[in-house]
Amino acid sequence: WQQLQKALEKEQVVLDHDGKTAALFADPMMYDYKYGTVGAVALDQHGNLAAGTSTGGMTNKRYGRVGDSPIIGAGNYADNETVTVSATGSGEMFIRTLTAFNIAAQVKYQKLPLEQAAQNALDEVKAINGSGGVIVLDKSGNYTMSFNSEGMYRGTIGNDGKPLVA
Ligand code: ASP
């Protein structure tokens, strides 16, 4: 609520963990204490890939705005033959470049490694002034967690049960 009040004062739409937010507000509450979107990708023992993304959207977004998170192909995608993707960031740009499907298509048709496909997709987002990140997992358990924002809290856990966070 307090974050929303501050965003309203400045008439700004605010994205989590964005350098612009940090510079504009110079207030840790608006940056370090925004936890925002939670995305998850998973591969089960039967080879099924799944993605889920939960978001509050962007602080002070327009009433009725729909971001990329619920749009399959933009903020989410899962295909057992290729990859599963969950995205976070400036949703309009992820919608315009169909980020999640973009990554899956590069893996499917160009056989690109996950890191390269994710980087290419995020470069397209950046080219139209968007920022954010993606978590990508393939059917063999390879993964990448790429971002062009200042930071993205992330973690993994595999069969060994050992969690990894960054
Ligand atoms: N992608 C979300 C949206 O645009 C925001 C976020 O990931 O923080 O609604």
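Start at 1 and go down the list; that is how both ligands and their atoms are numbered. We count residues from 1, following the sequence as given.
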If you round to the nearest 0.5 Å, how far is OG1 of Thr59 from CD of Gln12?
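Spacing of CD (Gln12) from OG1 (Thr59) equals 12.0 Å.
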Taking only heavy atoms of Gly67 into account, list the atoms of ligand 1 that are under 4.0 Å away from them.
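Close to Gly67: 9 (O).
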Output the list of atoms in ligand 1 that are nearer than 4.0 Å to some heavy atom of Thr55, sorted by atom number.
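Checking each atom against Thr55, I get 2 (C), 5 (C), 6 (C).
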Thr53 and Ser86: CA distance, side-chain angles, deciding distance, side chain to side chain donor-acceptor pair (under 3.5 Å) verdict
CA-CA 6 Å; Thr53 309; Ser86 173; 2.6 Å; yes
Residue, atom name and distance, where the atom is the protein heavy atom closest to atom 3 (C) of ligand 1:
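Here the closest protein heavy atom is Asp68 OD1, 3.4 Å.
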Considering non-hydrogen atoms of the protein only, which is the closest contact for atom 6 (C) of ligand 1, and what is the distance?
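For atom 6 (C) of ligand 1, the nearest protein heavy atom is Thr37 OG1, 2.9 Å.
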Would you indicate whether Asn159, at its atom CG, is surrounded by more than 12 heavy atoms from other residues, nucleotides or ligands within a distance under 6.0 Å?
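No, because the 6.0 Å sphere around CG of Asn159 holds 12 heavy atoms or fewer from other groups.
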For ligand 1, which part of Thr88 has a heavy atom less than 4.0 Å away: the side chain, the backbone, both, or neither?
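Near ligand 1, Thr88 shows its backbone as well as its side chain.
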Is ligand 1 under 4.0 Å from a heavy atom in the side chain of Arg65, in the backbone, in both, or in neither?
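Contact part for Arg65 vs ligand 1: side chain (C-beta onward).
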State, without any angle test, whether Glu124 and Asn120 hold a side-chain donor-acceptor pair at a distance under 3.5 Å.
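No, Asn120 and Glu124 have no side-chain donor paired with an acceptor closer than 3.5 Å.
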Answer yes or no: does an N/O atom from Gly91 fall short of 3.5 Å to an N/O atom of ligand 1?
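Yes, since at least one N or O of Gly91 sits under 3.5 Å from an N or O of ligand 1.
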If we only count N/O pairs under 3.5 Å, is Gly89 in contact with ligand 1?
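Between Gly89 and ligand 1, an N or O pair is found under 3.5 Å apart.
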Can a donor-acceptor pair be found, under 3.5 Å and without considering hydrogens, that links the side chain of Thr21 to the backbone of Leu15?
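The answer is yes, because a donor-acceptor pair under 3.5 Å joins these two groups.
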So, the side chain of Asn76 versus the backbone of Ser69: is there a donor-acceptor pair under 3.5 Å, distance only?
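Judged by distance alone, yes, a pair lies under 3.5 Å.
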